[in-house]
Protein chains: 2
Amino acid sequence: MSDRAQYLLALFIEEHRAGTPVSTGRLAERLDRSAAAATEMIQRLDDDGLVSYEPYEGAALTGPGRERAATLHETYVVLSWFFRDVLDLDTYEREAREMADLVSPAVAECLVTLLFEDEADMPDASSATTLDRESFPDE
Amino acid sequence: MSDRAQYLLALFIEEHRAGTPVSTGRLAERLDRSAAAATEMIQRLDDDGLVSYEPYEGAALTGPGRERAATLHETYVVLSWFFRDVLDLDTYEREAREMADLVSPAVAECLVTLLFEDEADMPDASSATTLDRESFPDE
DNA sequence: ACTTTTGTTTAGGCACACCTAAAACTAGAG
DNA sequence: CTCTAGTTTTAGGTGTGCCTAAACAAAAGT
């Protein structure tokens, strides 16, 4: 279940950006794949029960799918912050996106506490309310 | 060229541990794959010119292969240190191994400087002489 | 020298993820 | 209402990486 993560994350973000359902074409463009590849993958995710897919309509995350996608997204956001604020990388977005599904929740949580060490307050690690403000890149 | 990295890294370490050439069986065991899988992959790496393979003998890294493997190994070592010393994870070895090929050299170098920020001296980032002491796990 | 045992390679298959080209659908213009 | 332009899906094919089972080679035991 490794490459599926890219699609789940893209779907999660796209649902927030433009609402549900999300067309396969949108996903294909976002992930820089052929339209056919996106359709196929969405069908696979539908089989897995992570996505509800209606041909010619689009896809929407199911309960379990959204859960997984949210975790992925949080990891992605944390990684972005880490790469940008701590490592000062200009490619932070790409790196974060590609690594999100490989980084275990344990590592992600460690990074969260690390990130808030310098800050005054210490919010709950699992709530990303403050992070979600800037966490949906529009492109 | 993604899963090949696992084999290159294993080969690099095994060459240091037990000398060259390295049998496909050793690699298979190390990477927890079937013997057939290791043979196949080594053949592919030979085709790529990263490995020199003699049937029933074993495999040895070529110049380009060793170069790539060394980079991979350095990233792996840095990640291990980061996960162990900074994040205090007990699964640092596994995480580092799985992520080594996905982490760009840029990120790895950033981590090196980050790791030596607390230390008194500041060795050259690209030389891993001090790190190589403990960087070849025997199992 | 012969046979067994151990290790390695090939053969045949499967799953995943991608592509291009062709077919099928939808929606908008006339 | 039809026909066309754009999008989406299916068909067919490729590369990668893995597996089991069967063939094969080399080393060791008798």
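Each chain gets a letter, A, B and so on, in the order its sequence line appears, and its residues count up from 1. Side-chain atoms are counted along with the backbone in the values below, which use heavy atoms only and exclude waters and symmetry mates.
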(request) Pick base, sugar-phosphate or nothing for B:T24, based on heavy-atom distances below 4.0 Å to the nucleic acid. (result)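 Touches sugar-phosphate only.
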
(message) Just to be sure I understand the rule, does B:A36 reach a base, reach only the sugar-phosphate, or reach nothing, if contact means heavy atoms closer than 4.0 Å?
(response) base

For [X] and [N], give me the distance from atom [atom1] to atom [atom2], rounded to whole Å.
X: A:I42; N: D:dT8; atom1: CD1; atom2: P; result: 12 Å
X: A:D3; N: D:dT16; atom1: CG; atom2: C1'; result: 12 Å
X: A:L31; N: C:dC19; atom1: CG; atom2: C1'; result: 16 Å
X: B:M41; N: D:dG15; atom1: CE; atom2: P; result: 16 Å
X: B:D32; N: D:dC18; atom1: CG; atom2: P; result: 11 Å
X: A:L27; N: C:dA17; atom1: CG; atom2: C1'; result: 15 Å
X: A:E54; N: D:dT9; atom1: CD; atom2: C1'; result: 14 Å
X: B:Q6; N: D:dG17; atom1: CD; atom2: C1'; result: 12 Å

So, does [X] get its side chain near the phosphate of [N], meaning an N or O under 4.0 Å from OP1 or OP2?
X: B:R26; N: C:dG7; result: no
X: B:S2; N: D:dT16; result: no
X: B:S34; N: D:dT20; result: no
X: A:Y53; N: D:dT8; result: no
X: A:Y7; N: C:dC18; result: yes
X: B:R44; N: D:dG17; result: yes

(request) Could you check which of D:dT9, C:dC18, C:dT10 has an atom nearest any side-chain atom of A:E40? (result) C:dC18

(message) Is it the case that over 12 heavy atoms from other parts of the model lie below 6.0 angstrom from the CZ atom of B:R26?
(response) no

(request) Kindly check if the number of other-residue, nucleotide or ligand heavy atoms within 6.0 Å of CG (A:D47) is above 12? (result) yes

(request) Specify the residue among A:P55 and A:A37 whose closest nucleotide of DNA chain C lies further upstream toward the 5′ end. (result) A:A37

(message) Salt bridge or not between A:E14 and A:R17? Use side-chain N to carboxylate O under 4.0 Å.
(response) yes

(message) Determine whether the aromatic ring centres of residues B:Y7 and B:Y53 are separated by less than 6.0 angstrom.
(response) no

(request) Indicate yes or no for a side-chain donor-acceptor contact from A:T62 to the backbone of A:G49 under 3.5 Å, with no hydrogens or angles considered. (result) yes

